[in-house]
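Reading through the structure tokens given below for one structure.
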Amino acid sequence: MTFASVSAVTVALVLVGLFLMVMFNLNKIAGDIESDVEVRVYLDQSISQSEQETLATELKGIKNVQEVRFQSKKEGLNNLLESLGNDKKSFTDLQKENPLPNAFILKTKQPEQTIAVAKKAVQFPNVTDVRYGKGTVERLFSFIRIARNVGIVLILGLLFTSVFLIANTIKLTIVARRSEIEIMKLVGATNAFVRWPYFIEGLVMGVMGSIIPIVLVMVVYRLAYYNLGGDLQQMFIKLIPYHTMVTNLSLLLVAIGALIGVWGSLNSVRKFLKI
Amino acid sequence: MTFASVSAVTVALVLVGLFLMVMFNLNKIAGDIESDVEVRVYLDQSISQSEQETLATELKGIKNVQEVRFQSKKEGLNNLLESLGNDKKSFTDLQKENPLPNAFILKTKQPEQTIAVAKKAVQFPNVTDVRYGKGTVERLFSFIRIARNVGIVLILGLLFTSVFLIANTIKLTIVARRSEIEIMKLVGATNAFVRWPYFIEGLVMGVMGSIIPIVLVMVVYRLAYYNLGGDLQQMFIKLIPYHTMVTNLSLLLVAIGALIGVWGSLNSVRKFLKI
Amino acid sequence: MSDAIVMQNVWKAYPNGVMALNGIDLSVKQGEFVYIVGPSGAGKSTFIKMIFRELKPTRGKIFINNKNIASLRERQVPYLRRKIGIVFQDFRLLPKLTVYENVAFALEVIEEHPRQIKKRVMDVLDLVGLKHKLRSFPNQLSGGEQQRVSIARSIVNRPPVLIADEPTGNLDPETSWQIMDVFKRINDQGTTIIMATHNRDIVNKVRHRVLGLEGGMIVRDQQEGDYGYED
Amino acid sequence: MSDAIVMQNVWKAYPNGVMALNGIDLSVKQGEFVYIVGPSGAGKSTFIKMIFRELKPTRGKIFINNKNIASLRERQVPYLRRKIGIVFQDFRLLPKLTVYENVAFALEVIEEHPRQIKKRVMDVLDLVGLKHKLRSFPNQLSGGEQQRVSIARSIVNRPPVLIADEPTGNLDPETSWQIMDVFKRINDQGTTIIMATHNRDIVNKVRHRVLGLEGGMIVRDQQEGDYGYED
Ligand SMILES: Nc1ncnc2c1ncn2[C@@H]1O[C@H](COP(=O)(O)OP(=O)(O)OP(=O)(O)O)[C@@H](O)[C@H]1O
Ligand SMILES: Nc1ncnc2c1ncn2[C@@H]1O[C@H](COP(=O)(O)OP(=O)(O)OP(=O)(O)O)[C@@H](O)[C@H]1O
Ligand SMILES: [Mg+2]
Ligand SMILES: [Mg+2]
């Protein structure tokens, strides 16, 4: 009987654990990507050095702009070619006559402020064009927002489900002991006396049920982190460090397990105490 | 008691259903992306019309090549610029003096054959370069393979978990009826006579437990399909059509529910029949 | 042979090592009425559970109608049990069925015709004086009422053998005599009856064969015997 | 007053509408020994369950040591029950505890000193003749043995009031007399005893106050009475 409860906790926490592992990382990555968004301000080819310096100060003065960086046309072309990957060789001609203009790269304090900043920047003199991946950025933001919301809904759903499942299982095991509880009460046991062993049992069950999930999370995250971590870093994606993740997640899982175990146990006993 | 079992089935199938919904689509998308991979064979600028035609035939003769398509330098540039999004305007200069060569685009029968085909193509005369997104394609393939394997493992894990959970819950409800079953047997009931109601009960439980998951899948997929579908189509990603998905998934869920219900029920009864 | 029940050197050890029966030899004729008496823990219930194979003997043979049930195949067991009516010491009613349904169950099991079932069940409930409780559930009955439901169920399908484990333990003397009347009647119709009992009054007044059990052994086997153990 | 138990106009209707008690008035003095007799379904067990508040009366007042337990607060109920030893008609042993643990439980509940517990439990098991079964679980006992464990548990903490619902229903006459001896001894020490029984022999031989219950009403209340209902 207790095996049933422990394994229900185990099963639920494995799901919650793996899911949280993914969610925490996605959340971090989304944050990283967001803070990577930038506004490119293209300059007129004919701009003078002093005009350019004035413009830099002015851009810096726009509300919410955190950083202004100059990007020469050459640098711009290199970045572009880089992003095309190993097709670069085919474009050697381009390097002779670079069609790209010079630019300022702005970073905003909050990624959501990109759009407002871009709108202001375009009004300055000598600015031919302002790019922030219009559409793309907006779509990225809404994608991230959707992904986060979906993630939160899923994790809440999963947690709720787990609580429900575990409580369900514990209840069934305790219903089977209904007469036991009633007899104890009829022989003069106080509620506290009856409840105490069930409290302990719930706690032990919850903690025992979280062992396998914790080990699993450790193993899976170790594999994921050391195998995928490198590949992902090439794509400028950084995972949450192994120890941080494992420590936090373990504590979280034990806590969830213990809470649900105790709660489910006491909750199920409660209604049989009324005799 | 039966409520406990039905809700265990419900909870498990909701998870399985939503997960399958995502997996089926990812699988389709992965397939679509794979079959989109192509080999670009760049031609020497000085190639003559007849040489070009010979080359086309020869390329077509390579094992596993399914389709050979000519892409003019102009077409190539347009495609490139398109992929750069709305930064196109900045490259008007490029269109005057197009640095890209003409090319043949090859499609292979199986996406995995890309690499072998590319290696053969590079050996023909008048071919300056062969591109298939080396590295990228390889990484994409291994990514898809990993994703698929992870998906299969997850879905099997989830299914196994569900079966376990449901069987667990059903067992608990039936253990509570152990003496009931034993009494029936002692009064002269055959195993079949005792089992029959439990068979029906398991079936009903399974089917009832699959109602909410099916409705949920329908609602969620409707929302996802009609809200995200458009956006995704812009990225050349096509989801599985609503009706196909919902029909197949519903049948699958009912079948899983009924099977697990009946199996869990009969399996739990079995050991109490031995009296 | 017209022996309904024959035991040959039957031993029973429970899994925890308790020796409940130590070499029982016995034969009961068709239509006989046998009391099993003996102190608490003597092995009466164990003896009775052997007959309908709730328990298998550790050693020895048990013949019911000349068939050794110790080696009966599992699939045959239900058919054995249908020929034996059983009153359990702890009643063993189905908790989710009403009084009526509990009694009817023994008839449904043998696929009796529904109309037959109704009539027969009502008759039997009348016999044990529980017609007014037919819609009650077991946990809504007094101890004696539950015991009478168990008795009703045991006789409803007119089994050729009736086995009763302390059928009057929870009944007042008056109701006990009613039940004995019922038993007498079905015994007169040829039913073999084995009844474990502590009821001295009954054993002494309604004389039948008395089997004294002590420490898992038959210490007395007396036709028309009395309860014995006078204080 | 030295009345241990007083009932004033007590009625009990079960949720399904059955009227089990119809206006009971009664007072039992400290140290009295009272038999409750009456046919099956008369309301004896219901009457008994009122006293330790397994059931609450639908109407009326019940005083135990001058406290109305019908309006007792939930938290106080365990302390009431500790002053009352109860032998249940259906034994109610804890299935996962051994005989020893079942009896010890009643002492653990009142936080008796562990060493005291051991001695006292062994003494009581000896009284009911079950010292040799102390490590058995309830499902490894015969009916009579279970009943004796229930008796042992009820007297182990020397309660001032003992309530026994058919305590000899599953016992042979000899063992029954042993139990009656035990009851007599603790009654002599001042314990009030209420005993529902069908055992005519006992009631007629060991004369005490007899309370006749029928249809939920007291139809007879006789000092040194006999069982009545002669056939
Ligand atoms: N399931 C069991 N496991 C172990 N020992 C058991 C089991 N059932 C009974 N016993 C023991 O076997 C012996 C005989 O038990 P049985 O129930 O046959 O006695 P009985 O004659 O019916 O007694 P009673 O009159 O009290 O009902 C007793 O000592 C009892 O403790
Ligand atoms: N839980 C219940 N719900 C409904 N009716 C009940 C319940 N318990 C008992 N009764 C009914 O109340 C009446 C009195 O029952 P009670 O158990 O008090 O009888 P009793 O005198 O103890 O009988 P017995 O000698 O057979 O044990 C009976 O008619 C019984 O059917
Ligand atoms: Mg017995
Ligand atoms: Mg009673």
Side-chain angles (χ1 to χ4, degrees), chain A residues 1-10 166-209 260-275, chain D residues 45 48-56 64 69 72-97 101-112 137-139 146 149-163 165:
Chain A
M1 293 298 226
T2 325
F3 169 75
S5 301
V6 171
S7 54
V9 175
T10 301
I166 296 172
N168 214 352
T169 310
I170 293 178
K171 192 155 72 192
L172 287 177
T173 68
I174 290 186
V175 165
R177 290 190 269 172
R178 170 189 198 137
S179 74
E180 212 174 302
I181 296 170
E182 288 180 355
I183 293 170
M184 290 182 184
K185 288 266 347 217
L186 289 180
V187 176
T190 55
N191 288 354
F193 190 93
V194 175
R195 232 188 261 121
W196 181 239
Y198 287 94
F199 173 83
I200 299 290
E201 192 180 301
L203 190 69
V204 169
M205 239 158 49
V207 171
M208 283 192 17
I260 298 182
V262 168
W263 177 81
S265 198
L266 291 188
N267 196 43
S268 314
V269 169
R270 195 163 41 112
K271 68 164 149 314
F272 301 136
L273 288 174
K274 291 187 194 128
I275 192 171
Chain D
S45 296
I48 273 180
K49 286 174 185 170
M50 294 289 166
I51 300 176
F52 57 93
R53 232 187 69 155
E54 179 172 348
L55 296 174
K56 275 188 189 181
I64 308 288
I69 63 163
L72 200 63
R73 277 156 77 237
E74 285 299 335
R75 328 191 86 256
Q76 293 305 313
V77 172
Y79 304 98
L80 163 71
R81 290 183 182 149
R82 290 174 190 184
K83 295 210 195 84
I84 304 176
I86 311 155
V87 184
F88 298 93
Q89 188 170 11
D90 49 358
F91 319 147
R92 307 228 188 149
L93 304 176
L94 291 164
K96 288 194 202 117
L97 302 186
E101 291 162 347
N102 259 288
V103 177
F105 190 82
L107 291 176
E108 279 157 13
V109 156
I110 57 171
E111 282 162 29
E112 182 64 83
F137 289 92
N139 67 358
Q146 289 179 45
V149 178
S150 187
I151 293 170
R153 181 180 60 188
S154 73
I155 60 176
V156 72
N157 65 344
R158 307 181 208 264
V161 177
L162 179 70
I163 294 181
D165 198 351

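Computed from a prediction, not measured in an experiment: that's the story for all the values here. In the text below, chain A, chain B and the rest are named by the order of the sequence lines, each starting its count at 1.
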Query raised in the report: Just by distance, do the side chain of Ser265(A) and the backbone of Val262(A) share a donor-acceptor pair under 3.5 Å?
Result: no
Requested in this report: Please report the closest heavy-atom contact between Arg81(D) and Phe52(D), naming both atoms and the distance.
Outcome: NE-O, 3.0 Å
Query raised in the report: Just by modelled atom types, is the Leu72(D) backbone N or O under 3.5 Å from a matching donor or acceptor in the Arg53(D) side chain?
Result: yes
Report task. Rounded to the nearest 0.5 Å, what's the gap from OG on Ser5(A) to CD1 on Ile260(A)? Could you check? Result -> 12.5 Å
**Report entry** Nearest-0.5 Å distance that lies between atom CD in Glu74(D) and atom CD1 in Ile275(A)
**Finding:** 10.0 Å
Requested in this report: Heavy atoms only: give me the nearest Ile51(D)-Ile163(D) pair and the separation to one decimal.
Outcome: CG2-CD1, 3.2 Å
**Report entry** Inter-residue atom distance Leu80(D).CG - Arg73(D).CZ, 0.5 Å rounding
**Finding:** 14.0 Å
Report summary line: Of the listed Val109(D), Leu55(D), Ile110(D), the one with the largest count of heavy-atom pairs under 4.5 Å with chain A is Val109(D)
Query raised in the report: Hey, does the side chain of Lys185(A) reach the backbone of Leu273(A) with a donor-acceptor pair shorter than 3.5 angstrom?
Result: yes
Query raised in the report: With only heavy atoms counted, which part of Leu97(D) is less than 4.5 Å from chain A, the side chain, the backbone, both or neither?
Result: neither
Query raised in the report: So, for Gln146(D) and Pro138(D), which heavy atoms are closest and what is the spacing to 0.1 Å?
Result: NE2-O, 3.4 Å
Query - Residues from residues 187-197 of chain A approaching chain D under 4.5 Å (heavy atoms) - result: Val187(A), Gly188(A), Ala189(A), Thr190(A), Phe193(A)
Query raised in the report: Which residues from residues 150-159 of chain D are near chain A, with near meaning under 4.5 Å between non-hydrogen atoms?
Result: Arg153(D)
Query raised in the report: Quick one: does Phe88(D)'s side chain get under 4.5 Å of Leu186(A)'s, heavy atoms only?
Result: yes
